[in-house]
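Below you'll find the structure, written out as structure tokens, and then a few comments.
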Number of protein chains: 2
Amino acid sequence: MTLIPHRTVASQLAVQLRGELTKGTWRGWLPSERVLSRTLQASRNTVRAALEQLKADGLIEPVRGLGNRVVGAMHPAPTHDQAKTVGVLIPEPIGRLRPLIALWIDELKDLLIEEGYRLRIHEGRHYYQANPARALERLIGQHPHSAWVLTLSSEAMQRWFVRRGAPCLVAGSTYPEVTLPHYDLDYRAICRHAAGVLLRLGHRRLALLNRESRRAGDVDSERGFLEAVRHSTHPDATADIAYHRDDVESVARALRSLLDRKNPPTALVVSNSYAYLSTACLLAQRGRRVPQDISLISRDDDPFLGSLVPAPTRYRVDPHTFAKKMLGLLLQVLKRTPALRSPALLLPKFTAGGSTCAPARGED
Amino acid sequence: MTLIPHRTVASQLAVQLRGELTKGTWRGWLPSERVLSRTLQASRNTVRAALEQLKADGLIEPVRGLGNRVVGAMHPAPTHDQAKTVGVLIPEPIGRLRPLIALWIDELKDLLIEEGYRLRIHEGRHYYQANPARALERLIGQHPHSAWVLTLSSEAMQRWFVRRGAPCLVAGSTYPEVTLPHYDLDYRAICRHAAGVLLRLGHRRLALLNRESRRAGDVDSERGFLEAVRHSTHPDATADIAYHRDDVESVARALRSLLDRKNPPTALVVSNSYAYLSTACLLAQRGRRVPQDISLISRDDDPFLGSLVPAPTRYRVDPHTFAKKMLGLLLQVLKRTPALRSPALLLPKFTAGGSTCAPARGED
DNA sequence: AGCACTGGTTCGATTATTGGACCAGCGGGC
DNA sequence: GCCCGCTGGTCCAATAATCGAACCAGTGCT
């Protein structure tokens with residue numbers, strides 16, 4: 001069972017027109033768009049969408065007032081002999097990524113196969129370093145993929161892809177003035193909401209346990225978190241931020257720095273589900289009970305969180321939804337559809353768990 | 001220039017499905033509409049619209065509660081050009097399996113693609129029920145894969161495949177007298193070793209927290225665990241076994257039954273890393289510290305265990321190694337190499353963590 | 001009885017497509 | 001010059017297809 005790869009009318013027309021072109025049906029100029037729209041039985045807008053793809057392939061060149069000029073003299077489909085592959089950049093072995101990320105990458109891989117593309121995973125810390133130009137240049141030189149997917153991307157990486165102009169899609173948020181197409185969870189809204197939940201429960205000293213080398217999404221998280229506290233109706237509400245590096249040691253350090261204060265926070269929002277795991281364990285070691293002594297919210301979701309006691313209050317994401325959306329955007333990148341608008345961010349579903357409650361009396 | 005007659009997705013699907021039907025892909029029953037909608041990447045409504053057309057043609061006959069019956073007996077010999085695909089059976093959505101399992105399945109998928117095979121995942125509890133004959137018969141009728149991979153397989157499932165003679169490979173251990181090719185971790189050796197480690201540390205009251213509906217590997221685990229205690233040089237050593245069902249509730253129940261005894265165990269071996277997670281949390285809730293009050297060993301490995309504090313003493317597995325081995329065996333099954341001997345089991349690497357230590361004084 | 005599966009049905013939200021309208025550039029005929 | 005009719009470029013509102021989710025009723029397994 002194979003899927004029909006491009007099932008929109010526009011793409012069907014594009015395939016058909018490409019066939020006619022390579023067959024040499026038209027020389028010099030294509031029939032006018034209005035004529036095509038009549039003979040192909042499709043609206044002019046749809047025909048134009050198809051022509052757009054041919055233009056992206058360099059097969060035709062529209063001239064205003066004259067028509068669409070046939071420019072490539074019967075290349076036997078220059079896009080076809082190119083290996084139809086997509087590269088994914090990840091910083092760590094897939095087994096060490098969060099399971100949820102592995103899941104949507106896996107799903108995207110399957111979806112792409114149905115579309116006739118192969119997905120290749122490229123793992124390496126050096127692509128994520130401060131100056132990744134050399135590593136990236138070498139990478140895309142060695143692997144002529146049709147497009148790239150950037151996960152957990154750094155600012156330098158995003159800017160390099162903008163500069164280089166290589167077709168790519170950011171799985172995550174983009175930094176200011178980076179115009180790459182992207183898709184992500186709405187971390188700003190999530191953290192704003194999380195802080196709001198905690199404030200409503202009565203907490204006044206909140207803290208966010210965030211990643212140290214902040215990706216765009218982490219920056220947004222901070223923004224949302226601080227917004228919620230700042231604009232709250234409680235002038236005595238405070239927001240602290242501590243940083244970890246995704247490893248147990250640094251989470252322990254960050255947690256200690258928060259708890260050893262004179263007025264330690266009574267509620268934490270944790271920004272990585274592995275870090276949440278570490279946090280829960282470390283709190284238990286210190287004898288602090290969740291949620292009686294301190295409330296926890298996990299910004300990120302992962303299947304294993306369901307096995308924790310108490311169940312973490314968190315924001316659930318369906319990897320399938322994410323993968324489908326990524327596929328749609330990726331196909332736009334691959335077909336070079338020009339009007340590529342980055343869609344609205346995904347707002348995950350808030351799931352109240354047992355890890356949050358009102359703060360203890362006298363604490364506040 | 002020819003027009004494409006039916007350009008709606010529904011009509012495309014109808015054409016496609018008609019092709020599959022006349023090719024004789026499915027005998028008896030079509031895959032359920034929900035499954036079709038997933039594999040065809042279309043909504044169920046759309047699939048139903050397509051099926052409506054087939055019904056109008058008299059090719060299928062929907063039966064409420066059962067499925068869509070293939071009514072015309074097309075070709076009696078559909079096996080001539082068998083698609084090169086492999087089916088994998090899993091009991092739960094891949095996102096709910098343990099990450100390690102998802103990882104090796106994923107890797108196997110990649111490896112198979114290089115060999116020219118596609119790997120399809122079939123998820124369903126009903127394949128794992130006490131009498132799965134109907135479900136399995138229907139499954140392999142609907143999906144004529146070249147071979148099947150059975151994960152987390154039940155005894156009934158294994159015996160059905162033996163009886164049916166369908167080419168298959170068991171990812172896991174086989175039950176007595178089941179002669180299917182298989183590959184697994186050496187759970188017997190693992191649990192024997194784990195018990196030995198705990199005994200050497202000075203523990204005398206050991207317990208194994210095992211799965212209730214025991215798969216072959218779990219049975220082996222018990223055997224190894226009991227062997228070690230029984231054959232130890234400490235006549236006062238005891239071995240308890242409690243059962244869980246992989247969910248938090250049942251783990252809590254099992255744990256309570258162990259700890260509420262007059263002489264509760266001082267060391268636990270836990271047989272599923274999700275259950276280990278629950279166990280660690282529940283112990284913390286009861287105020288029992290790990291490892292001072294009770295030692296823990298995780299029989300199974302998973303990436304997230306690395307974020308726990310203290311780090312679980314466990315047996316590490318490389319999913320890559322496992323997948324490679326599975327590929328080799330699978331290729332033998334696919335090519336029907338006659339002398340298919342199941343290889344030696346995989347013995348994972350013991351990794352001492354912080355979750356084990358000598359028992360507290362006076363306890364013993 | 002309860003559960004998990006099947007097809008049957010409906011709903012609203014989203015998306016693709018339509019069929020217009022209008023603009024600006026080009027060429028030919030007046 | 002001017003107008004007219006052609007070209008592609010852009011936008012918009014109405015429509016249709018599609019999606020995703022919910023619910024029902026029938027079936028079989030536990």
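Within every chain, numbering begins at 1; the chains are lettered A, B, ... in the order of the sequence lines, protein sequences first and strands thereafter. Only heavy atoms go into these numbers, but all of them, side chains included; no hydrogens, no water, no symmetry mates.
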Write down the protein N/O and nucleotide N/O pairs, taken from nucleotides 21-23 of chain D, whose separation is under 3.5 Å; answer none if there are no such pairs.
none

Sugar-phosphate only, base, or nothing, as touched by A:Ala42 at under 4.0 Å among non-hydrogen atoms: sugar-phosphate
Any donor-acceptor pair under 3.5 Å from A:Asp302 side chain to A:Leu100 backbone: yes
Short side-chain N/O contact from B:His126 to OP1 or OP2 of C:dA4, under 4.0 Å: no
Nearest-angstrom distance from the residue atom CD of A:Glu33 to C1' of D:dC6: 12 Å
N/O donor-acceptor pairs under 3.5 Å from side chains in residues 51-62 of chain B, not counting sequence neighbours:
from    : atom 1 : to      : atom 2 : distance (Å)
B:Glu52 : OE2    : B:Lys55 : NZ     : 3.2
B:Asp57 : OD2    : B:Arg18 : NH1    : 2.5

side-chain N/O B:Ser32 vs C:dT6 OP1/OP2, d < 4.0 Å: yes
Sugar-phosphate, base or nothing in reach of A:Ala10, heavy atoms under 4.0 Å: sugar-phosphate
Integer-rounded Å distance: C:dT10 P and B:Glu52 CD: 12 Å
Distance in angstrom units between A:Arg48 CZ and C:dA16 P, rounded: 17 Å
D:dC19 OP1/OP2 closer than 4.0 Å to side-chain N/O of B:Thr46: yes
Tabulate protein N/O versus nucleotide N/O from nucleotides 27-30 of chain D, keeping only pairs under 3.5 Å, one per line.
from   : atom 1 : to       : atom 2 : distance (Å)
D:dT30 : OP1    : B:Ala130 : N      : 2.8
D:dT30 : OP1    : B:Asn131 : N      : 2.7

For atom CZ of B:Arg38 and atom C1' of C:dC5, their distance in whole Å: 13 Å
Heavy-atom pair with the smallest gap, counting every atom of A:Ser298 and A:Leu305: OG-CD1, 3.7 Å
Working for salt bridge (charged side-chain N to carboxylate O under 4.0 Å, His left out), residues B:Glu249 and B:Arg256: CA-CA 11 Å; B:Glu249 305 299 321; B:Arg256 227 175 306 135; over 6 Å; no
Salt-bridge criterion met for A:Lys349 and A:Asp318 (N-O under 4.0 Å): no
Full working for salt bridge (charged side-chain N to carboxylate O under 4.0 Å, His left out) between B:Glu212 and B:Arg253: CA-CA 12 Å; B:Glu212 184 178 72; B:Arg253 235 187 344 265; over 6 Å; no
Partner residues of A:His193 under the ring pair (Phe, Tyr, Trp, His ring centres under 6.0 Å) criterion, sequence neighbours left out: A:Tyr315, A:Phe350
Under 3.5 Å donor-acceptor, B:Tyr175 side chain and B:Ser154 backbone: no
side-chain N/O A:Lys325 vs C:dT14 OP1/OP2, d < 4.0 Å: no
Over 12 foreign heavy atoms within 6.0 Å of CZ, B:Arg159: yes
Rounded (10°) bend between the five-pair end axes of the helix from C:dA1-D:dT30 to C:dC30-D:dG1: 10°
Residues forming a ring pair (Phe, Tyr, Trp, His ring centres under 6.0 Å) with B:His182, sequence neighbours excluded: none
Protein-nucleotide distance (A:Leu36, atom CG; C:dT17, atom C1'), rounded to Å: 17 Å
Between D:dA17 (P) and A:Gln12 (CD): distance, integer Å: 14 Å
For atom CG of B:Leu40 and atom C1' of D:dC19, their distance in whole Å: 15 Å
Side-chain donor-acceptor contact under 3.5 Å, B:Asp218 with B:Ser221: no
Plane angle bin for B:His145 and B:His143 - parallel if under 30°, tilted between 30 and 60°, otherwise perpendicular: parallel
